[in-house]
Structure formats: C-alpha cells, structure tokens
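Scroll down for the structure; my scribbles are underneath it.
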There are 2 protein chains.
Amino acid sequence: MPHAYEFPRAALTVDCVVFGFDGGELQVLLIRRGLAPFKDKWALPGGFVRVEETLDDAARRELEEETGLKTDFLEQLYTFGTVKRDPRERVVSVAYFALVKPAAVTAATDAAEAKWFPVSDLPSLAFDHADILTTALTRLRGKLTYQPIGFELLPPKFTLTQLQRLYEAVLGEPLDKRNFRKKALSYDLLIPLQEKHQEGPHRPAQLFRFDPVKYEKLKKKGFLFEI
Amino acid sequence: MPHAYEFPRAALTVDCVVFGFDGGELQVLLIRRGLAPFKDKWALPGGFVRVEETLDDAARRELEEETGLKTDFLEQLYTFGTVKRDPRERVVSVAYFALVKPAAVTAATDAAEAKWFPVSDLPSLAFDHADILTTALTRLRGKLTYQPIGFELLPPKFTLTQLQRLYEAVLGEPLDKRNFRKKALSYDLLIPLQEKHQEGPHRPAQLFRFDPVKYEKLKKKGFLFEI
DNA sequence: TATCAAAGTGTAAAAAACACACGAAGGCAA
DNA sequence: TTGCCTTCGTGTGTTTTTTACACTTTGATA
C-alpha cells in the first residue's frame, strides 16, 4: 500500500452510458460483471480513473477496454457521489454518455460480456446504474430537441425515414412525416446523395449524409434543432 | 499518514459559482485565498470533499464555511478533471452553481475575505476557476430561457421591472417591456400583492411574489419559460 | 401489367412572436 | 395648486412559426 494520504480519499471512477440505434429501438450497451460486488449482474461499462489521465480519457479508455468501442460523441453527464453507492467503500463516479453508429453497435455485440439492451426492456442493474441511465435518457431526450445529435446514431448514409424513426424512438411519440421532413431539411444540414436506398417492393428512398462543416458551425454558436 | 491505498488517488474537491443580482448587474461571489498556491488570488469558494459526505453536502458545507451563505438553489454544474489543474497534485473538482437572493448578497459582503464582483469586471482567478465560471455563466443563460429560475435571484417581493432588469443583465440584451410582461404573466406563476413599491418621484410599481406551488409543478414536468 | 408498400409532396388554419407609442400615477419643486 | 418629471402599465396589427391533414409517385415483385 504505497500510496498514503493525510485524509481518507474517495475512489474515483467513470461510467459510460452508450446509446445505439438499430433502426427500431434505442439500445444501451451493458456489460456483465465478473467480480463482486454485484457479480454476474449487468452494469454500465466503466472503471477507475488513473491518477495521470483526464476524466474524458478515462471514459474513452474504459469504454474501449470493456467493449472494444470508440466513439466520436462522448460527453460528461453528471457526477454521482452519494456515500453508499458502492457497498465496499466511498466511490464517486463521473458518468458519461456516448452515442455510437450502427457499425459500432454490431461490433460491440462480439465483445464477450457486452450486450445491447433496448431501453424499454432493461435488466436490473448493479450499483446506482439505473439512476445513471435514467439521467442519461432524460439528457438525450432534451438534447435531441435542441441539437442535431441524431446523426451520431445513424450510419453515414441514411434516409429521412430512418432519421424520423430515430427521433420517434428517442422521444417516444410519433411525428408527422411532412412536418418532420420540412423541418429536418430546413437546417441545410442534410446533403442528398445520388444513391437511393432500395429495400423491399416499393419506391426506394433518397439517401442523405449530413454536412459536418455546417454541423460544427451550429455546434459552436448553439443550435435550435427542435422537431 | 494513516490512509493508504493500493493505487494513487486524486483528491476530490467541490467549487461553487454563486450568482447574485443587485438590481443592476449580475454578480459572482469570490474569496481571497489565504494559502498557497495562488495565495492572495481570488477564487471560487470550495474545498475538499469529506469521505463521509455527499457531493451536494460538501458544496453546501464549504459554501457556508467560507461565505456564511446558505442557498435554496444549488445545482451540480460539471466536473473538472484535467491533470494539471492544481499544481500540487491531481485534484478533481465537482463544480456547483448557486443562486442567492439579495438579502444573502449583502450578508456575504460581511464575510471578511468574500467579495462580490460583477461578471463584467472580474479579477484574474486561481486554478482553472475562470473556465468554471464561464461554464456556469453559459449554463445560467441557457437555463434562464427555459426555466423560471430568475426568482431565485430576486427578493420575495419584486416588481416586473426588476424581473426584466434581471433577464436583461443575464442575457446581456434589452427586452421589450410589453412583450416581456405579457409573457411573464402568461405562466400564471406571479401573484400580484396588495402592496406597491414606491421609489422616487414617479408612479409606484405593482409588487409580485411567485407561486411556489406552481413553480414546483412546472419544475417537475419541465418548463418552457422563454422570454 | 397489376399489385403492393413505402416515398415524397403542399396548403390552409391556428398559434406564437414581434414591433411599436402613449396615457396614468405619484413625488417634487416652484 | 399647478406643472413637471419619471417610471408604470397597457393593446393591436403584422409576421413568422407551428400544426393538421391526404393523395400521387416510384420501383420491385408476382
């Protein structure tokens, strides 16, 4: 025990709420704990912050170590610091939330002990991770209505219907097709591609990609992507 | 040094950004540091989190110890965890922001080493406290436009003009009087009192208080207090 | 070539946001 | 007491945004 301090110190961890979208439902990535406490229970990926790394770095590192995922979108969520949230000792956890695209979703499914769950059908979770997840969901819903972060959850090429399905899944309510499309296009953020998306015996859909330059501009001066 | 751990641990602190409003400008409460590092520099009130108290409790305790203030409105802001933010060792700080009413503003002025500064004219700050303050200001501006938190900064009885001055001070832009009043009253959150506020040789202003019951209801189901 | 299923499109009505100017009330001083 | 000064308090017309709503188009498949 070479590290000694005058006063007792809390341990510091990060936990990541990773959201993905499979076209139908919003999903969350969980890992099965191999060790006590809460052995064999499902939990958010996360772990201890090293003394020489930033919180953001710790979140990215733990996410990759435990699930193999990297993500473009990782944001601090909230810090959970009630005294008994870990039965062993005082542990303060800085929670993050991440959005990943479908390719990453299927990749993570390969990780032995990581699994995607639809948010509507979650197992019981270790520690206070259910609280963290609820906080993350609330935040995601809020953000979606004033920032165009939906793109982080879609493949690079997507149709307007896919975008709408995503919004409906996150917000939990159906949206009007015409109004949605009008609004989505009004931000001048979607670039139509030459390609079409053919699926099934019906009219194929126009594919779009989103314009990262305009996206960054909007990100800087604040958005207004209400739908 | 009786407290030893297998791995080195970061120290954990809380820092509070306390906003007040004096009728004219938005103010922030700072304390002068008595100890190194940054001795004699201005800093946010804050200090170490004890191992047996929650983060919220620590923020309240430090705020009261250093400034004598208690507040109804204290909210976690963001956790700052870059590696070198404290020159001595790794310190992770959970920042809070607080809103206090004018009575508390004057009380805090008595605290020997605490002083209010207008946000437009701040001294240079210790550590990364300038970053924290900027983050808090951004958050306050954002919150003010979709939550009726302005009341936390006003005395129990206030006039519509005072409320408008506050919004103008925080948002940094003038607002139309008629539209402001129409909107402010439309939420059915302001209760007119019998009293009037007389000040100077002109028509006295109607005093209002706000309805805490409706406020709590709105707080729960999310607001929409855009002005 | 008929059928199927989702893609794609416009307009009118309602609601919200905005711009804007003057009479009312009370203190004060002449 | 009268007039002046200063802030309080109010309403309407215009523009913009939001909402509700249904039919034609397109390509694959049988």
Side-chain angles (χ1 to χ4, degrees), chain A residues 22-24 144-146 148 150 154-155 157-169 171-210 218 222-227, chain B residues 22-24 144-148 154-155 157-169 171-210 218 222-227:
Chain A
D22 67 355
L144 202 64
T145 64
Y146 67 94
L154 290 175
K157 301 173 184 179
F158 53 88
T159 69
L160 287 180
T161 300
Q162 288 174 317
L163 184 62
Q164 183 176 344
R165 294 267 175 285
L166 168 59
Y167 270 79
E168 290 174 335
L171 301 178
E173 57 181 0
L175 301 171
D176 178 81
K177 183 161 48 153
R178 277 178 292 192
N179 293 339
F180 181 86
R181 297 164 93 93
K182 215 184 307 172
K183 193 107 185 198
L185 292 172
S186 74
Y187 296 99
D188 206 25
L189 205 70
L190 302 184
I191 301 172
L193 301 172
Q194 299 304 337
E195 303 168 69
K196 305 247 164 175
H197 179 72
Q198 181 68 58
E199 176 180 77
H202 54 79
R203 182 172 178 176
Q206 175 69 53
L207 280 168
F208 292 85
R209 65 186 179 85
F210 84 100
L218 280 178
F223 328 87
L224 35 129
F225 197 78
E226 293 169 3
I227 291 213
Chain B
D22 67 355
L144 201 65
T145 64
Y146 66 94
Q147 292 189 2
L154 290 176
K157 301 172 183 180
F158 53 88
T159 69
L160 287 180
T161 301
Q162 288 174 318
L163 184 62
Q164 184 177 345
R165 294 268 174 284
L166 168 61
Y167 270 79
E168 290 174 334
L171 300 179
E173 58 181 1
L175 300 171
D176 178 81
K177 188 171 29 163
R178 278 177 290 193
N179 292 337
F180 181 87
R181 297 164 92 92
K182 213 185 308 172
K183 192 107 185 197
L185 291 171
S186 73
Y187 296 98
D188 206 25
L189 205 68
L190 302 185
I191 301 172
L193 300 171
Q194 300 303 337
E195 301 168 71
K196 305 247 163 176
H197 179 72
Q198 182 68 58
E199 176 182 76
H202 53 77
R203 180 171 179 177
Q206 174 69 54
L207 280 168
F208 292 85
R209 66 184 178 85
F210 83 100
L218 280 178
F223 329 85
L224 34 129
F225 196 78
E226 293 169 4
I227 291 215

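To find a chain, count down the sequence lines: A is the first, B the second, and so on, and within it residues start at 1.
- Within residues 194-201 of chain A, the residues that have a heavy atom under 4.0 Å from DNA chain D are, in order of number, A/Gln198, A/Gly200, A/Pro201.
- Rounded to an integer number of Å, the gap from CD of A/Gln206 to P of D/dT26 is 13 Å.
- The two residues A/Leu207 and A/Lys157 have their closest heavy-atom pair at CD2-C, 4.0 Å.
- Rounded to an integer number of Å, the gap from CD of B/Gln162 to C1' of D/dC8 is 13 Å.
- Contact of the A/Ile191 side chain with the A/Phe210 side chain is not registered, since no non-hydrogen atoms from C-beta on lie closer than 4.5 Å.
- Within residues 171-190 of chain A, the residues approaching DNA chain D are A/Asp176, A/Arg178, A/Asn179, A/Lys182, A/Lys183, by heavy-atom distance under 4.0 Å.
- Distance alone, capped at 3.5 Å, is enough to place a donor-acceptor pair between the B/Gln198 side chain and the B/Gly200 backbone.
- Summary of the strand contacts: B/Ala205 and A/Pro204 both lie near DNA chain D, and taking for each the nucleotide with the nearest heavy atom, the more 5' one is attributed to B/Ala205.
- Between A/Leu144 and A/Gly150, the closest heavy-atom pair is CD1-N, 3.8 Å.
- Closest approach of B/Ala169 to B/Gly24, counting heavy atoms only: CB-O, 3.6 Å.
- Evaluation of atom-type donor-acceptor distances gives no pair under 3.5 Å for the side chain of A/Arg203 against the base of C/dA5.
- The salt bridge (charged side-chain N to carboxylate O under 4.0 Å, His left out) check on B/Arg165 picks up B/Glu168, with sequence neighbours excluded.
- Among the protein residues, A/Thr159 comes within range of no part of the nucleic acid, since none of its heavy atoms lies under 4.0 Å from any strand.
- Side-chain contact between A/Phe208 and A/Thr159: absent, with no pair of heavy atoms (C-beta onward) separated by less than 4.5 Å.
- Remark: side-chain polar atoms of A/Gln206 are paired, donor with acceptor, to backbone N or O of A/Leu193 under 3.5 angstrom.
- Taking the nucleotide of DNA chain D with the nearest heavy atom to each of B/His202 and B/Phe208, the more 5' of the two is matched to B/His202.
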